[in-house]
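All of these numbers come straight from a predicted model, not from anything done at the bench.
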Amino acid sequence: MRFSNRNVRDLRWARDASERAENSAATTFHPVSSSLTCSAMASASTEQSVTDTAATLISKRNSTSVVWNYFGFKKEDAAQLQVLCRACRAPIATSRGNTTNLFQHLKKYHKSMYDSCMTKMPSTSAPDRPNTSRQGSLTEMFESVTPYERNSKRHGEITRAITEFIAKDMMPLSTVTKPGFVALTYTLDKRYNIPSRTYFSQTAIPELYKKCKEKVAAEVKTVEFFASTADMWSSRTAEPYQSLTVHFIDEDFNLRARCLQTTYFPDDHTGENIAAGLREGLASWDLHEENHVCITTDNASNMVLAARLNEWTRLQCFGHRLHLAIENALKDDRVSRATALCRKLVGHFSHSWKKKAALMEAQRELKLPEHNLITECPTRWGSKEMMIARVLEQAKAISQVLSGDRYARSLIPTWQDIDVLESIHKALHPLLEFTDALSGEEYVSISYLKPVLHLFATSVLSEDAEDTDLTKSIKTKVLAYLNNKYGDPNIQELLDVACFLDPRFKIQYISTDNIPAIKTRLKTEMVDLAQRTYHREKRSRTETVQMPQSAQPLGEKAKRSLGSFFKTSAASPSLPVEDVAEAELNNYLMTPTIDGEDDPLAWWRVHKISYPQLCIMARKYLCVPATSAPSERLFSTGGNIVTCTRSSLKPAKVNILVFLAKNL
C-alpha cells in the first residue's frame, strides 16, 4: 500500500499530537498521581527507558557533571531551557548550571540510577556535602591583604621567632634582608612585613638578651652550690676574651649549665688579672664564692695561678691531662717517623683530585671501605689516633695507588712503619671514647674519674702478653703520668667524695683507708649545713610580725587544738644533728648500688626524702664537670659568630650573641 507525502506528514502529525497529549496529561496530574506515575515508571526497566528516549532528547551543551547523562532537552528547545528526565520525561525546574534538583530527582524517583551516578562522581563533588564556603565580606577581603600593625600580637610573635632564630642558630643579621628569607616569610604569612636589619640589631636582639639574662639570673639566684669552668681565647680578629660558665643541680635534681659571660679581656693574661676577672664575673651575677665548689680549667700556668690566688678548689681538665699524657708517651723516634709519614700521605691525597679518584678506584677493586684519609689536629690526640687507624685500614689501597708513581713511591709505608702504627693503634684506640664520654655537660661526669682511672690501671692500660715493646711502653707512660697528676691529696679527696655520692659506685673504687675520712668530711658538712638552716629559720621566725593582742576581737578567746599540746618547734630536731647525719650515711651505704647505665640524679630525685641532708651534698659535688669542654665550646660558638663576613662585630655584641646562643 502506497502513501503520499501528505499522508506521511499527517501520520507524523497525529503521532506527535498523541505524544503531546500524553505529556500534557502527565504534567497536569495531581502531586499524588504524579508521584505514583513516577514510581510506576521507575519500576520499569531503566535501561530500556533511557534507550527509548535517547533518540528524542539531546544532551546539555558543555556539560561537565555526570548527572547530565540522565537528563536532556528536546531537539526544538534550542536554548535548552526545559530540562527533562530521560527515564520518566518529567520536567525539572533548575537554573542554568545548577545540578542540585537533578540529583534530588534521581535520589527520590530513580534510586538505582542515582546510585550508578554517585559511583561515577568524584569524591570531592558529592552533592550531599554541605557547602560551607561563603563569599567573604569586603572588610574581610581588605583585612586579608592589609599588613599587620607593628604593635599587633601576631606581628610581635613572628618578630620574636625570627629574633630567636638569628640568636640561637648564630645567623648574621643580614639574613633578614636576603631575598630568599624575605620570600620565605612572605609565603608563610603575606601580611607580615619584616622589620629592618637595624631594628633587629638595636632593638630586638638587646630586648631578647635582657629577658634571657633576667631568666638566667633568676635561676642562679636560688642556687645553693655551683661549680664553674673558665678559659681564655682569641677570636678570628685576634681579640682576647675570657669565658665563664657555671654548673649546678637544681632542687629537682636536674643538672644545669649556663654561660655567664664572654668578656673582652684586653689586659695581660697574668694569673692576677685572670683571678680578678673571675671574681668580678661571679659578683656580677650575685654568686657568692663560699658556695663555689670547684673550678675546672686546663693546665695553663696562668689559670692554675688564678685559682690558687682566689683560693678556689681547682680540678684539672681530664681531656687536657690525657692529651698531655699521650703526647708524653709518644716521644719516640720510631713514632715520630711513622706519624710524619701518615701526615705526608694525607697531604698527598688531599691536594690531588687525581690521586683521590685513584684511591677510590683501588678501594673498589680491593673491596675496602670507601673512606677518605683523616687529617691530624695537633691539639687533639684523638685525631692522631683516627689518622693512624685510617691509614692502617687503607694500607693496601695506598700501596696500589703509589706503586705506579715513581715520585711518590717513597711514601708507601714499610713493614717497620706498619708495625709501629699498629703498636700505637693498639695502645691508644681503647682510650678514644673516654674523652668524649667525660666531656658532656648534661650528665654527671666527675664521679666517673675514679672508676675510669681504676679501669685504666686494671684493664685498658694493663700490659698484655701479645703487646709489643712499644705498646707496653706507651701504656706504662700514659698510666704513670695520669697517676702522678691526679695524685694530689686534695684532688683525690674531691674525687672520692664525688664517687661516694654516686649511687652507681659509692665506695667501690675508694681505698679502704680513705673511707673513714670521706665519711667524716661529709658528716661535718652535713652538720654545719643543718645548723645554718636551723639558725636561718630561727631568725625568720623572730622577724615575723605577729598580730597584736589588741587586734583580736574583744570577748573572744582563741581555742587551742588538741594537737597544739604536743607540738614542738619545727626547727628543733628530735635527735642530735650528728646522729642524724651518721644515720643517713650508714643507711645510704646499706642500700644496693644501681646499674652503671642508670642516672644517679634520677635516683637522688626519688630518694631525697629519705636523705634530706645527704642529698644536698650530692647536689653540691656532682655538679662539677670533669673537663673544661663547656668553656671550649664557647670558643666554637664564638668562632661561628665572628666569621670572616662578621669580623667587625664589637666585643659587647659578641658577648650578647654568644650568651643567647648558649642559653636560649
Engineer: Report the distance from atom CG of Leu529 to atom CG of Leu522, rounding to the nearest 0.5 Å.
Structural biologist: 12.0 Å

Engineer: Could you grab the distance from atom CG of Leu649 to atom CD of Glu239, nearest 0.5 Å is fine?
Structural biologist: 9.0 Å

Engineer: Which label fits His292 and Trp312: parallel for a plane angle under 30°, tilted from 30 to 60°, or perpendicular past 60°?
Structural biologist: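 Ring orientation, 0 to 90° scale: perpendicular.
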
Engineer: Do Leu501 and Leu614 touch side chain to side chain, with heavy atoms closer than 4.5 Å?
Structural biologist: yes

Engineer: Hey, is Glu157 close enough to Arg160 for a salt bridge, meaning N to O under 4.0 Å?
Structural biologist: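 Looking at Glu157 and Arg160, the cut-off is not met.
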
Engineer: Please answer whether the main-chain N or O of Phe434 pairs with a side-chain N or O of Tyr448 as donor and acceptor at a distance below 3.5 Å.
Structural biologist: no

Engineer: Quick one, Thr229 with Thr245, criterion side-chain hydrogen bond (donor to acceptor under 3.5 Å, both in side chains). Give me CA distance, side-chain angles, the key distance, then yes/no.
Structural biologist: CA-CA 5 Å; Thr229 68; Thr245 67; 2.3 Å; yes

Engineer: Applying side chain to side chain donor-acceptor pair (under 3.5 Å), which residue pairs with at least one partner in residues 645-655 are found, sequence neighbours left out?
Structural biologist: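 As it turns out, the side chain to side chain donor-acceptor pair (under 3.5 Å) pairs with a partner in residues 645-655, which skip direct neighbours, are Thr643-Thr645.
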
Engineer: Without swapping roles, check the side chain of Glu584 against the backbone of Gln613 for a donor-acceptor pair under 3.5 Å.
Structural biologist: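 Flag set: sc Glu584 to bb Gln613 pair under 3.5 Å.
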
Engineer: Side-chain contact test, heavy atoms from C-beta onward, threshold under 4.5 Å: evaluate it for Tyr148 versus Asp189 and give yes or no.
Structural biologist: yes

Engineer: Tell me every residue that passes ring pair (Phe, Tyr, Trp, His ring centres under 6.0 Å) with His371, counting only those two or more places apart in sequence or in another chain.
Structural biologist: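 Scan of His371 (ring pair (Phe, Tyr, Trp, His ring centres under 6.0 Å), adjacent residues dropped) gives none.
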
Engineer: If you look only at pairs with a residue in residues 295-310, which of them pass as a side chain to side chain donor-acceptor pair (under 3.5 Å), with sequence neighbours excluded?
Structural biologist: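 Sorted result for residues 295-310: Arg279-Asn310, Thr297-Arg314, Asn299-Arg314, Asn299-Arg321.
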
Engineer: For the atom pair CD1 (Ile446) and CG (Leu622), what is the distance rounded to the nearest 0.5 Å?
Structural biologist: 8.0 Å

Engineer: Can you tell me if Asn98 uses its side chain to pair, donor with acceptor, with the backbone of Thr94 under 3.5 Å?
Structural biologist: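 Answer holds: no.
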
Engineer: Answer yes or no: is there a side-chain heavy-atom contact under 4.5 Å between Lys356 and Leu373?
Structural biologist: no

Engineer: Check the angle between the aromatic planes of Phe253 and Trp604 and answer parallel, tilted or perpendicular using the 30° and 60° thresholds.
Structural biologist: parallel

Engineer: Quick one: are Phe226 and Val220 in side-chain contact, heavy atoms under 4.5 Å?
Structural biologist: no

Engineer: Tell me every residue that passes side chain to side chain contact (heavy atoms under 4.5 Å, CB included) with Thr270, counting only those two or more places apart in sequence or in another chain.
Structural biologist: Asp268, Glu272, Asn273

Engineer: Ring-plane angle category for Trp233 and Phe635, please: parallel below 30°, perpendicular beyond 60°, tilted otherwise.
Structural biologist: tilted

Engineer: According to the side chain to side chain donor-acceptor pair (under 3.5 Å) rule, which pairs have a member within residues 205-227, sequence neighbours left out?
Structural biologist: Glu219-Arg258

Engineer: In terms of heavy-atom contacts, does CG of Asp595 have more than 12 from other residues, nucleotides or ligands at under 6.0 Å?
Structural biologist: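 Yes, the 6.0 Å shell around CG holds more than 12 heavy atoms from other groups.
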
Engineer: Is it the case that the side chain of Ser445 and the backbone of Ala626 share a donor-acceptor pair, with hydrogens and angles ignored and the cut-off at 3.5 Å?
Structural biologist: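 Here the side-chain-to-backbone pair exists.
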
Engineer: With sequence neighbours left out, which residue pairs that include part of residues 606-635 fulfil the salt bridge (charged side-chain N to carboxylate O under 4.0 Å, His left out) condition?
Structural biologist: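 Found Arg380-Glu632, Glu441-Arg633, Glu525-Lys620.
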
